K.L.:
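For reference, the structure I am asking about is given below.
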Amino acid sequence: MKNLTLPTYEDVAAAAERIKEFVNKTPVLTSRTVNNEFGAEVFFKCENFQRVGAFKFRGAMNALLQFSEAQKKAGVVTFSSGNHAQSIALSSKILGIPAIIVMPQDAPAAKMAATREYGAAIVEYDRYTESREQIGKEIAEKNGLTLIPSYDHPHVIAGQGTVAKELFEEVGELDYLFVCLGGGGLLAGSALSARQLSPNCKIYGVEPALGNDGQMSFRKGEIVQIDIPKTIADGAQLQSVGKLTFPIIQKNVDDILTVEDEELISCMKFFAERMKMVVEPTGCLGFAAARNLKHELKGKRIGIIISGGNVDISKYVEFLSA
Ligand SMILES: *Cc1c(COP(=O)(O)O)cnc(C)c1O
């Protein structure tokens with residue numbers, strides 16, 4: 001990661017052009033119930049309808065499409081058990097690039113099977129005694145593979161920024177944008193697009209209260225590391241934001257908000273019942289925060305990014321009946 005510089009809006013625009021034939025232009029949905037409840041206009045950008053079921057496919061595709069011939073031949077490696085793993089697996093399959101995914105031994109069998117189905121090789125590790133970053137780095141160095149992390153990479157950030165770009169291009173300028181925050185790839189990319197396409201838009205990143213490292217980092221002005229948080233928002237179960245994402249967030253984001261896990265469950269129920277769609281817990285962060293700020297949002301135009309819809313079906317049933 002030596003020569004990697006911070007991405008700009010130009011990189012987001014280039015990413016949009018590069019990936020457009022591969023990604024879904026996801027729908028922007030509205031709900032009369034929500035608009036009435038808020039007394040505002042609310043636009044949901046639905047990346048749960050993206051390929052793989054989450055926005056991460058955009059960043060993965062944007063990164064792999066910039067591989068040199070030698071990099072393509074040697075392959076890609078990443079460490080993730082979630083949506084980034086599937087995204088790297090599918091985009092490498094589409095582009096004919098060999099892929100190795102470092103996954104915890106106890107990752108859900110369904111996720112491992114799906115990753116294998118896309119043709120990726122899986123290297124298992126013990127999440128209690130081994131470091132996935134270390135294993136990923138070793139594989140990359142030993143076999144000449146390129147490591148693509150899930151958020152802290154300029155091409156990944158630029159790819160994720162295309163979500164908000166599409167949103168602003170479809171609905172015009174907004175007063176507020178709510179974005180889920182894990183490592184910050186989606187938030188940093190969204191902020192680049194918002195600053196360019198809707199300069200007066202307030203941008204809020206949203207984290208689970210149980211894992212508010214991003215909020216602490218934002219307020220302290222330096223990256224704060226926490227223990228692996230115990231939250232149902234597994235896409236935000238990270239110990240810190242990224243070295244590249246953080247400065248972009250610091251410069252462009254207005255604040256980082258937090259929500260409780262119960263509020264995520266309430267949003268999942270709302271999305272299922274009223275909008276007829278499956279949203280994973282992490283994908284509910286933005287809406288949950290907006291609901292808490294309702295009084296401030298009257299008469300405004302609000303964008304909410306729904307980041308993904310991948311949730312284990314038996315867990316989903318538990319959430320809905322909780
Ligand atoms: C990865 C992920 C996030 C968090 O994205 P970052 O770029 O790491 O901040 C949010 N929601 C879903 C569904 C994800 O897969």
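We count ligands from 1, going down the list as the structure has it; atoms in each ligand are counted the same way. Predicted, not measured: the structure shown is a model, and the values here were computed from it.
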K.L.:
Does Phe271 have any ring-ring contact (aromatic ring centres under 6.0 Å, His included) partners at least two apart in sequence or in another chain, and if so, which?
P.N.:
Phe44, Phe287
K.L.:
Taking side chain to side chain contact (heavy atoms under 4.5 Å, CB included) as the definition, give me every residue that meets it alongside Gln237, ordered by chain and number, with sequence neighbours left out.
P.N.:
Pro229, Thr231, Asp234
K.L.:
Within the supplied structure, the quantity of interest is the number of heavy atoms (other residues, nucleotides, ligands) at a distance under 6.0 Å from Arg219 CZ; does it exceed 12?
P.N.:
yes
K.L.:
Cut-off 3.5 Å, side chains only: do Glu280 and Asn83 have a donor facing an acceptor?
P.N.:
yes
K.L.:
List, pair by pair, the atoms of ligand 1 and of the protein that are both N or O and lie under 3.5 Å apart, giving the separation rounded to 0.1 Å.
P.N.:
from, atom 1, to, atom 2, distance (Å)
ligand 1, 7 (O), Gly185, N, 2.9
ligand 1, 7 (O), Leu186, N, 2.9
ligand 1, 8 (O), Gly183, N, 2.8
ligand 1, 9 (O), Gly182, N, 2.7
ligand 1, 9 (O), Gly183, N, 3.1
ligand 1, 9 (O), Gly184, N, 2.7
ligand 1, 11 (N), Ser307, OG, 2.6
ligand 1, 15 (O), Lys56, NZ, 2.7
ligand 1, 15 (O), Asn83, ND2, 2.8

K.L.:
Can you sort out the partners of Lys243 under side chain to side chain contact (heavy atoms under 4.5 Å, CB included), two or more places apart, ordered by chain and number?
P.N.:
Asp152, Ile223
K.L.:
For Thr26 and Asn24, which I'm curious about, is there any donor-acceptor pair between the side chains at under 3.5 Å?
P.N.:
no
